[in-house]
Amino acid sequence: MMNTKKIESKWQKYWEEHQTFVADNKSDKPKYYYLVEFPYPSGAGLHVGHVRSYTALDIMARRKRLLGYNVLFPMGWDAFGAPAEQYAIKNHIHPKEAVKENIKTFKKQIQSLGISFDWSREFSTTDPEYYRWTQWQFLKFFEHGMAYKAKKNINWCPKCKTGLSNEDSSGGVCERCGTEVIQKEKEQWMLRMSDYAEDLIDGLKDTDFQEKIKTAQINWIGKSTGAEIEFPLKEVDEKLVVYTTRPDTLFGVTFMVIAPEHPFIDLYSGLISNMNEIIDYREKANKKTEFQRTQLTKEKTGVKVDGLTAINPVSGKEIPIYISDYVMMSYGTGAIMAVPAHDQRDYDFATKFGIEKVPVIEKITGEAHEEENYKESIVAIVYDKKTQKYLTINWKDKGGRLFTQGTMEDGETSEECARREIEKTTGYTDLKWISNTFPVNHHYYAYNKDKYYEIDCTGVYFELESEKKNPTHLDQEEENCFTVEWVDKKTIEKEIQDELHKTIYEYAILEAPYVGDGKMINSDFLNGFTNKKEAIEKMIDYLEQNKLGTRKTNYRLQDWIFTRQRFWGEPIPLVHCEECGWVPVPEEELPVVLPDVAEYEPTETGESPLANISEWVNTTCPKCGRPAKRETDTMPNWAGSSWYWLRYMDPHNDKEFASQDALKYWGQVDWYNGGMEHATRHLLYARFWNQFLYNIGLVPYKEPFRVRASHGMILGDGGVKMSKSLGNVINPDDMIKLYGADALRVYEMFIGDYEKEATWSEQGLKGCRRFLDRVVKMGERVTNEEGYTPSLERLIHRTIKKVGEDIDALKFNTAVSALMILLNAYEEEEKISPSDYRAFLTLLNPFAPHLTEELNEQYHLGSAICESTWPKYDPEKLVDETKIIAVQVNGKVRATIEVHQEDGEEEIKEKALKEENVQKHINGKEILKTIIVKDKIVNIVVK
RNA sequence: GCGAGUAUGGCGGAAUUGGCAGACGCGCUAGACUUAGAAUCUAGUGUCUUCGACGUGCAGGUUCAAGUCCUGUUACUCGCACCA
């Protein structure tokens, strides 16, 4: 092995001195902008995961440069945030000092990998020259009414003493420290991100993001369409507004549920007779966090609101109102119409509170035909508690196992019908009625009558009280057809095949609502509709015509809570004046710099430590000059990363966040790489921020990123996440020391599919080191022949094509494998030409930049690779003159034959039939067909 | 519950998009070199009992031909979630 350290630092120095990777803001070359998420410079240093994504983008960037592009490939630091602050609190040093140290380590580590970043554009989000413009842009939000202060019940981490966005508190615990999040009311700056919900969905059309990232974003935004419906109250001239996606089920509403915080409670407390009970419930609910509320998925709780009654706007029916914490004030209108027959949550609630369930949709089973005869019928299920068995009729070959069934006669209820049928066929009379199931709309063909039938069928569920029986009224013939059998649950589930009976059984036993589509019933003007969409449309039309409701779209996406009660963040550049209210700090006074303080800990009151620095807090109002106070909250650490790609375009500009020329020249980020964990939060914040800047005319593109790709995680031994506690963290520095940066790079590209997770294996890394050592050895075989060695030429052209295409398609693993194959071929040769070697080194250069430059120089193959061009392939040289293809007989390979380019089908067929082993397998059989796919396969079909 | 994805040797993973499954690498086996080991090099390596058969989570289907297409199903991973 060569002295990797020596040649690596030699070439790293070379690149630095020659400014090889410095991008120019003016160029005749086409531009290309590669961006990889800038890291948070933690004390832990670089991770092998960083190496993976940086190397991948580095490979693409290096190749693009050789292809003649002006490539922007910058790097910087996202250094605000809690860890630096925690570290500072512990060690009593200013976070900016800690950050400085960490950046130094990180940068050294990254540079030792030979990543071709343009370091002339480096900055940190914590640089006042950078956050000056973060503050400036915040003021733009403020000016345009996009920032507002609101008292919000926010997620609060009692340990970090800070407010958390929903994003930072997923799972009900603080993302930083894992403490359980509680609810606390706090005045917060908010950005009107929800205004952009539609644009954020819409804009995805103009991007080339991975599909899974688009779906993640769409899910996060959570668009739903439906209607707001007004339910008049009986006791007072007021309307309770609900949001629903299923207005088609309006006739099935049997109760209303409002959130415990719903304003009607206090507004009409005078009318409510059980206020005490309600207040009690509300207080209990308030103590629960949003997370706890959503965790209690099974057991529903609630209180009926006595004294308030809603009126169904389409049927006029009176409907009771409940409060329950399964309805959230933060979504929709904080009130719902409950349709227990067709919604699981409403079903659970209704079951617990004994509320009626009115079905309005029938499941349709069987297939509908024209000219059907209509009947109403029942299916009766009888359960014997003692034996835990069900009463069935075994029709044997005449229809299999079924429950008792029958057609309803005039004036008969379903229960009467069921009792009559049971007695008739089985004799049992002592039955206790338990329940009627939801009806089913069933279609079938009766062979004995040669007719199609449509039936509406209700299940009737009984329990057997005793064995008491009457004689059955069946003739001999009927009796021979079937036997009455008691069977257990397992047999039922296995043997009852009939769709109707199966459905009825499920309704009776599973006690579940029917949430599928079907035929509308009990719904007045909607009766008979079988298409959900049409029924919804019809209902909304009706509501709008009669002014009872409106079409409405809702989003899950909420406004962005933009303040943190922390020290280590961008100060919010606003001043509060008693007279003028909130006043922006004048532009020329930006940045509002973080002062040096002694203590970084959040205060007991939950305010930022900045609040304790009176000489900083107390200022004068920029508008009227009277004494005023600065905002002491700081920005969340998503702020600095929400526009950093724009700053790279013009990082040293002290007049603007970036010049319009630079913004126009670099335009969109062509390729943005980052982790899947940022697919929703960071990426949405960044897109929202950019869209806003676009709307006010400050950036030329509405969407900031054209392509977004993500890399898979690198896992430790056994496929588990690398973590300090497991002690399985691999330090890239150690690997570089042992095997060299080039080997580490090649290995991380070879490890597997770039987008999927991969398990670390030091053996694999060793294998890649071996590969590079063989590349070095190959130098000894270089002669001074001109051009490519003829026997290698075809493979060289093919490899040029494959490596290029694979890099473009993020298939780095197969690109490396193609290079290994080429090297294997080189090793078959006694000697290779300088062109052979140079081509190989150039193709390998993006993966192993140091070693390839060194060998290129050592063997005097030409100018430095980083200053030359990507090799070209000749399409005509890709094709083999002869090719070996397989000959199959009945789809099984029996021989291989060599075919020429110019061979016709007849010749190929002839060759195939000549093969001994082929003859053996077609011997004595008739050839039905011969399929010849040129260059691929011959298949002879015989019988 | 909803949405997205994955499943191929002992292991990581290939497969020109329907055309010889297992490229490439790791590991393993044998041999060479060596006093010995390491390193390196050479040969072999899907399974089964040989001709041959069987093999891409499972069960069907389409096709001359299926890892690839269709239907169903299982397991795991990720994202969202009393979202009305």
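Proteins get letters first, then strands, A, B, ... in listed order; numbering begins at 1 in each.
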Inset, instruction - Just label B:G9 as syn or anti from its O4'-C1'-N9-C4 or O4'-C1'-N1-C2 angle, using within 90° of 0 for syn. - result: syn
Inset, instruction - Please check the phosphate of B:A4 (OP1 and OP2 only) for any side-chain N or O of A:Asn219 closer than 4.0 Å. - result: no
Legend entry - A:Arg681 side chain near B:C80 phosphate (N/O to OP1/OP2, under 4.0 Å): no
Legend entry - From B:A14, B:A4, B:C82, nucleotide with atom closest to A:Asn813 side chain: B:A14
Legend entry - Nearest listed nucleotide, side chain of A:Gln888, among B:U40, B:C20, B:C82: B:C20
Legend entry - A:Arg774 side-chain proximity, nearest of B:C83, B:G25, B:C54: B:G25
Inset, instruction - Answer yes or no: does a side-chain N or O of A:Tyr331 lie under 4.0 Å from OP1 or OP2 of B:A84? - result: yes
Inset, instruction - Return yes if the base of B:C78 and the side-chain atoms of A:Lys212 contain a donor-acceptor N/O pair under 3.5 Å, otherwise no. - result: no
Inset, instruction - Could you check which nucleotide pairs with B:G1 in any of the strands shown, counting Watson-Crick or G-U wobble with both distances under 3.5 Å? - result: B:C80
Inset, instruction - Give the nucleotide from the list B:A15, B:A84, B:C24 with an atom nearest to the side chain of A:Arg345. - result: B:A84
Legend entry - Among B:C20, B:C24, B:A84, the one nearest A:Met820 by side-chain distance: B:C24
Legend entry - B:U17 glycosidic torsion: syn (within 90° of 0) vs anti: syn
Inset, instruction - Taking only Lys NZ, Arg NE, NH1 and NH2, and the carboxylate oxygens of Asp or Glu, determine whether A:Arg282 and A:Glu261 approach each other closer than 4.0 Å. - result: no
Legend entry - Of A:Lys766 and A:Ala216, the one whose closest RNA chain B nucleotide lies more 5': A:Lys766
Legend entry - Any A:Lys214 side-chain N or O less than 4.0 Å from OP1/OP2 of B:G79: no
Legend entry - Centroid separation A:Phe349 to A:Phe255 less than 6.0 Å: yes
Legend entry - Sidechain N-carboxylate O distance under 4.0 Å for A:Glu805, A:Lys801: yes
Inset, instruction - Among B:A84, B:G12, B:A14, find the nucleotide with the atom closest to the side chain of A:Ile751. - result: B:G12
Legend entry - Selection from B:C64, B:G27, B:C24 that lies nearest to any side-chain heavy atom of A:Val941: B:C64
Legend entry - Below 4.0 Å: OP1/OP2 of B:U63 and any side-chain N or O of A:Asn939: no
Inset, instruction - Answer yes or no: does a side-chain N or O of A:Gln763 lie under 4.0 Å from OP1 or OP2 of B:G27? - result: yes
Inset, instruction - Provide the Watson-Crick or G-U wobble partner of B:U17, both distances under 3.5 Å; none if there is no partner. - result: none
Inset, instruction - Report which part of the nucleic acid A:Gly222 touches: base, sugar-phosphate, or nothing (heavy-atom distance under 4.0 Å, all strands). - result: nothing
Inset, instruction - Assign A:Ile884 to base, sugar-phosphate, or nothing according to its heavy-atom contacts below 4.0 angstrom with the strands shown. - result: base
Inset, instruction - Using a heavy-atom cut-off of under 4.0 Å over every strand shown, decide if A:Lys801 touches base, sugar-phosphate, or nothing. - result: nothing
Legend entry - Complementary nucleotide of B:G25, counting Watson-Crick and G-U pairs under 3.5 Å: B:C11
Inset, instruction - Find the partner of B:A30: check Watson-Crick (N1-N3 plus N6-O4 or O6-N4) and G-U wobble (N1-O2, O6-N3) distances, both under 3.5 Å, and reply none if neither fits. - result: B:U42
Legend entry - Upstream residue (5' side of RNA chain B) when A:Asp343 and A:Cys768 are each assigned their closest nucleotide: A:Cys768
Legend entry - Under 4.0 angstrom between A:Arg556 side-chain N/O and B:A84 OP1 or OP2: no
